[in-house]
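Comments concern the structure below.
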Amino acid sequence: MEDKKHSFETDRLIIRLLEEGDRDFFVSLYTDPKIMRHIGEPFSEEKANSSFKTAIKLNTEIPIKQLLWVINDKSSRETCGIQNLSFHYEDKGKAEAGLILARKAQGRFYPEEALVGMVNYGFTQLGLSSIYAYSSVRNRASKRVVTKAGFHQFDETESKVSFKIESE
């Protein structure tokens, strides 16, 4: 039976915590050079498997340090991507958002919907006061997604754009 703790839904998506059966999908995302081009170097299969194991462990730790979810389409049950909140060590009211989308799911406005759902969950269920997101300067799609989700840009360097949204 699936654990519903920290799961939530949007109009088109079911967002649930990462579980052991998601290993192949996770590894496929983090080892894909095209998907990783704006994030960092693609992981080796060994590093992706190690990161998966760490993510599973972090999803169960108390106090929460990080939550990592799988994004599924409600109608097709297709796995579309992964998103996470990583909590700041010095201030548990703040977290950093991340999202990575499978190639087959791109162009369907899933990231905007998933990110808005995660932000709402973070503020209403986890009591966060601020959520941050970061994007490569070159990643126009990512910048558009976080802006559409209600984030505001507060800094830009040569390589990175910083965004923030605060609880009302």
Side-chain angles (χ1 to χ4, degrees), residues 5-19 22 25-26 29-30 32 35-41 43 48 51-52 54-73 79-103 105-157 159-168:
K5 183 178 182 182
H6 295 301
S7 295
F8 56 96
E9 295 185 13
T10 66
D11 289 342
R12 299 180 302 151
L13 305 171
I14 297 170
I15 298 153
R16 61 164 176 79
L17 286 178
L18 184 76
E19 53 194 39
D22 300 314
F25 180 73
F26 182 99
L29 290 178
Y30 285 93
D32 185 319
I35 290 174
M36 294 294 290
R37 73 185 180 278
H38 293 301
I39 300 168
E41 286 295 314
F43 289 5
S51 294
F52 177 81
T54 299
I56 291 288
K57 182 180 177 208
L58 287 171
N59 270 353
T60 62
E61 285 191 353
I62 306 283
I64 298 170
K65 295 177 185 167
Q66 175 180 291
L67 293 171
L68 199 134
W69 291 278
V70 172
I71 304 163
N72 291 296
D73 180 280
T79 303
C80 307
I82 292 174
Q83 66 183 1
N84 74 300
L85 283 173
S86 297
F87 297 80
H88 285 211
Y89 292 104
E90 62 279 351
D91 184 348
K92 295 298 183 191
K94 298 177 180 178
E96 179 181 330
L99 190 144
I100 185 169
L101 195 65
R103 284 197 233 175
Q106 293 175 1
R108 300 189 208 169
F109 301 102
Y110 287 145
E112 294 88 342
E113 187 172 334
L115 186 56
V116 166
M118 184 172 65
V119 165
N120 290 337
Y121 186 84
F123 290 152
T124 62
Q125 302 300 310
L126 301 174
L128 295 173
S129 60
S130 303
I131 300 174
Y132 296 83
Y134 303 95
S135 170
S136 162
V137 170
R138 298 183 329 246
N139 192 342
R140 291 184 310 223
S142 179
K143 292 187 287 187
R144 186 183 70 249
V145 166
V146 294
T147 302
K148 284 179 85 174
F151 286 76
H152 303 283
Q153 182 178 331
F154 70 90
D155 192 28
E156 183 170 340
T157 66
S159 60
K160 181 172 84 171
V161 183
S162 302
F163 297 90
K164 179 180 180 180
I165 188 169
E166 296 184 297
S167 177
E168 296 177 3

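Below, each value reflects all heavy atoms present in this structure, side chains not excepted, and no hydrogens, waters or symmetry copies.
Between Arg12 and Glu113 there is a side-chain heavy-atom pair separated by less than 4.5 Å. Side-chain atoms of Leu115 and Phe151, non-hydrogen and from C-beta on, do get closer than 4.5 Å to each other. When side chains are defined from C-beta on, Ile64 counts as touching Phe87, because their heavy atoms get closer than 4.5 Å. Using a 4.5 Å heavy-atom cutoff, the side chains of Tyr132 and Ser162 are not in contact. Within the 4.5 Å cutoff, no side-chain heavy atoms of Glu168 are placed close to those of Phe123. Two residues are said to be in side-chain contact when any heavy atoms from C-beta on lie closer than 4.5 Å; Val145 and Phe109 fail this criterion. Between Glu9 and Ile15, the closest side-chain pair of non-hydrogen atoms is not below 4.5 Å. The shortest distance between side-chain heavy atoms of Leu85 and Gln66 does not fall below 4.5 Å.
We find the CD-OG distance between Glu96 and Ser130 to be 13.0 Å, quoted to the nearest 0.5 Å. Atom OG of Ser135 and atom CD of Glu156 lie 9.5 Å apart (nearest 0.5 Å). Separating the NZ atom in Lys164 from the CD atom in Gln153 is a distance of 14.0 Å, to the nearest 0.5 Å. In this structure, CZ on Phe26 lies 13.5 Å from OG1 on Thr79, to the nearest 0.5 angstrom.
Remark: the backbone N or O of Lys57 is paired with a side-chain donor or acceptor of Thr60 at under 3.5 angstrom. When atom types are taken as modelled, the side chain of Asn59 and the backbone of Leu68 share a donor-acceptor pair closer than 3.5 angstrom. Side-chain N or O atoms of Gln83 include none that pairs as donor or acceptor with a backbone N or O of Ile100 at under 3.5 Å.
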Problem set entry | side chain to side chain contact (heavy atoms under 4.5 Å, CB included) assessment of Leu99 paired with Met118 | CA-CA 10 Å; Leu99 190 144; Met118 184 172 65; 5.8 Å; no
Problem set entry | side chain to side chain contact (heavy atoms under 4.5 Å, CB included) between Tyr30 and Met36, worked out | CA-CA 7 Å; Tyr30 285 93; Met36 294 294 290; 3.9 Å; yes
For this session: Give the C-alpha distance, both sets of side-chain angles, the deciding distance and a yes or no for side chain to side chain contact (heavy atoms under 4.5 Å, CB included) between Leu13 and Tyr110.
Result: CA-CA 8 Å; Leu13 305 171; Tyr110 287 145; 3.4 Å; yes
For this session: I would like to know whether Asp22 and Arg16 meet salt bridge (charged side-chain N to carboxylate O under 4.0 Å, His left out); could you show each step before the answer?
Result: CA-CA 11 Å; Asp22 300 314; Arg16 61 164 176 79; 2.8 Å; yes
For this session: Might you work through the side chain to side chain contact (heavy atoms under 4.5 Å, CB included) test for His152 and Ile165, ending with a clear yes or no?
Result: CA-CA 6 Å; His152 303 283; Ile165 188 169; 5.6 Å; no
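Put simply, the residue from Leu58, Leu126, Asn84 that forms a side chain to side chain contact (heavy atoms under 4.5 Å, CB included) with Leu67 is Leu126.
A 6.0 Å sphere centred on CZ of Arg138 holds no more than 12 heavy atoms belonging to other residues, nucleotides or ligands. The environment of Glu61 atom CD is dense: over 12 non-hydrogen atoms of other residues, nucleotides or ligands sit within 6.0 angstrom.
Remark: Lys160 qualifies as a cation-pi partner of Tyr134 under the 6.0 Å distance and 45° angle criteria applied to the six-membered ring.
Residues Ser51 and Phe43 approach most closely at OG-CE2, 3.5 Å, considering heavy atoms. Of all the heavy atoms in Leu101 and Cys80, the pair that sits closest is CD1-O, 3.1 Å.
In this structure, Tyr121 and Phe8 have parallel ring planes: the angle between them is below the 30° cut-off, well short of the 60° mark.
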